[in-house]
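Input: a single structure, listed below in structure tokens.
Quick note: residue numbers are just sequence positions, from 1. When reading the values below, keep in mind they use all heavy atoms of this one structure, side chains included, and skip hydrogens, waters and symmetry mates.
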Amino acid sequence: MHNKDKKKSRRRITRLLGQWLLLCVCIALICTWLFVYFLQNWLSDRETQTLLSINISDVTADISDASDENLLALTHTVADLLEAGETDLDAIAEAYSIAEINVVNRDGVITASTYASFLGYQMADGAQSGEFCVLLGDAEEYVQSYQPISYDESISRKYAGVSLSDGGFVQVGYDAEEFQKDIDAQVIGATRNRHVGQSGYVLISDASGVIVSDRNGGEGQDLSVTGITLDTDDLQAGEMFRTEVYGESCFCMYDETEGYYIISVLPASEALASRNTAVATTVAMELIVFACEFLLICFLMWQLVVKNIYKINDSLSEITAGHLDVKVDVCTNREFTALSQDINATVDTLKRYIAETAARMDQELAYAKEIQYASLPGIFPPYTDCVQFDLFASMHTAREVGGDFYDFYFVGEDRLAFLVADVSGKGIPAAMFMMRAKTLIKGLAESGMEVNEVFTRANTRLCENNEANMFVTAWLGVLHLKTGLVEYVNAGHNPPLVHCAEPQPAGSQNGKGQAFRYLKSRPGFVLAGMEGIRYRKNELRLSPGDTVFLYTDGITEATDEQMRLYGEERLRSVVNSSRMTPEELCAAVKADVDTFVGGAPQFDDITMLALTYKGDGAEPHEQSEDAACAL
């Protein structure tokens, strides 16, 4: 009877714990989803509003600058005519389609005007007109914003003033119709090539609602054809609203300037793309994580807490006997009393493990370095049955792990791929990105595609999910063992040094001791730096005995204690010092760099690869002088 009751108790506890755990998981999921949704929605609205506002401000500034420039130019023309003795203001106004001309003397009184009622008016007496009194001082010109005039608010006009040589000034006013005719060209140009985000744009209409500028070709039509209705009574300038524009749901914002309505438009699909992506990713990941955690905890509860409680107690007692400092006092029953004793011992063990973790960090980093080196080819010579070439490579990291790497492998029966690359940054992040780039390039190269296509596709893949903005410089070549032809591509990497085994002509710049030369070719852009980059394939033909030396900028940019750079010229001098095998060549360069640097710390990874082509033993290829070891 006792055993039967005990089994029922176990089943009830397990069921209750499972139900409460499921409830907590569901509540946590819902709260997290709601928080992410509202947060991302708020961020999306803020970003959209800022983007729309910035574009409206830019266009408004362009229009204002254009109108100011045009009106000032016209005002200067009128001033020049007056200075030349022209007195018929009505004729000038009609000739230049001007709404109003006022001539003001040095006392600020209108002495001549196209409006007879203005004669004798003191400019300082009005708020609008008083602004132009600055022209009686040191100012030479002044432009007033487009606005309703003080004596008739139904008329909007823009004024400009220019000082005259006698100490007064002339004031010129534009009505809306002539004003807009004068600057319509600038208005249209202000939006033709302007993009709001990726697919958004800016619309401009005049005060009557006729479209002046529209990238979609709606000029001359009423604004309603776009689907936008501006109710200025209910909708404030600078306020974001959502409507359909040309049948597409969009976020919009408007402002009014110089008699125009500037409307910034951004499709809702683009504005909400980041929010939808973040929410969908969070929901999917949390569903997976919480589901796995729930199943795992339920399984552990059943298998370990209930079914195997005595077994766990026995195991913990054996492992942790005699190390109890902190007491857990849960004595509701025999099972939990024993479990409390084991938990107390486990806590002490965990504390010891935490203390030991810091000491193990260096050891684990050393293991990481060993793993990284193990991922690179390390047996030389690499192919003992292949006599067409000799190859050696080495890497010396600045930290425990680094971002440089080299690689070589066959991509066909007689085609050897070899490369050296340098990932931006240092440490663990660079090492992880290095492994990704190395695996990706090798997989693409082994598929048999051209070297330029390998880098083109690798760049596309590496740009994906590259939130850390890391990039890779790389040089990849494919050697045809039978012909000595090397097809290569350069993604922003240092130019390799190439040694031509054939003697240099008399008087050549590369005379004796200068057989190694830098391979001159235009490099492409770095990998993972920008999407859509396409790379160009280059060719180099090697003769038996020719050597290609690849390296990273850890060599040429090595600095000594006086912060002097090692440099390309010193590198070329070292490799030209004597004829060496690839292994000897790499060792000589590393030894010279160490000598140069002295006691200064190594700030960058140093990686080298040297390849000597020996030929396939057949008759040498006939080739032109330009094709042989063409640098």
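- With values rounded to the nearest 0.5 angstrom, Tyr260 atom OH is found 8.0 Å from Ile204 atom CD1.
- A pairwise comparison of heavy atoms in Leu440 and Ala458 identifies CD2-O, 3.7 Å as the closest pair.
- Residues passing the ring pair (Phe, Tyr, Trp, His ring centres under 6.0 Å) test with Tyr115, sequence neighbours excluded: Phe118.
- By the ring pair (Phe, Tyr, Trp, His ring centres under 6.0 Å) test, Phe132 pairs with Tyr142, sequence neighbours left out.
- Tyr121 is linked by a ring pair (Phe, Tyr, Trp, His ring centres under 6.0 Å) to nothing, counting only residues two or more places apart in sequence or in another chain.
- Every residue two or more places apart in sequence or in another chain was checked for a side-chain hydrogen bond (donor to acceptor under 3.5 Å, both in side chains) with Asp45, and none qualifies.
- When the options Val103, Val78, Leu81, Asn102 are evaluated for a side-chain contact (heavy atoms from CB on, under 4.5 Å) with Leu89, the one that passes is Val103.
- Not one N or O on the side chain of Ser573 forms a donor-acceptor pair closer than 3.5 Å with the backbone of Glu569.
- One distance of note links CE of Met253 with OG of Ser57; it measures 9.0 Å at 0.5 Å rounding.
- One distance of note links CG of Leu223 with CG of Leu230; it measures 5.5 Å at 0.5 Å rounding.
- Closest of all the heavy-atom pairs between Ala160 and Thr75 is CB-OG1, 3.4 Å.
- No side-chain donor-acceptor contact under 3.5 Å links Ser424 to the backbone of Met470.
- By the side-chain hydrogen bond (donor to acceptor under 3.5 Å, both in side chains) test, Glu83 is found to be paired with Ser165, residues two or more places apart in sequence or in another chain being considered.
- For Ala79 against Val162, the heavy-atom pair with the smallest separation is CB-CG1, 4.3 Å.
- With hydrogens and angles ignored, the 3.5 Å screen pairs a side-chain donor or acceptor of Thr48 with a backbone N or O of Ser44.
- Residues Asp605 and Thr607 bring no donor and acceptor atom of their side chains to less than 3.5 Å of each other.
- In terms of modelled atom types and a separation under 3.5 Å, the side chain of His493 and the main chain of Asp553 share no donor-acceptor contact.
- Asp90 and Thr114 are not linked by any side-chain donor-acceptor pair at a separation below 3.5 angstrom, with hydrogens and angles left out of the test.
- Not a single donor-acceptor pair under 3.5 Å links the side chain of Asn538 to the backbone N or O of Val489.
- Listed here is the closest heavy atom pair of Arg106 and Leu136: O-CD2, 3.8 Å.
- Side-chain polar atoms of Thr552 and Asp404 form a donor-acceptor pair below 3.5 angstrom.
- Scanning for side-chain contact (heavy atoms from CB on, under 4.5 Å) contacts around Ser199 gives Pro267, Glu270, with sequence neighbours left out.
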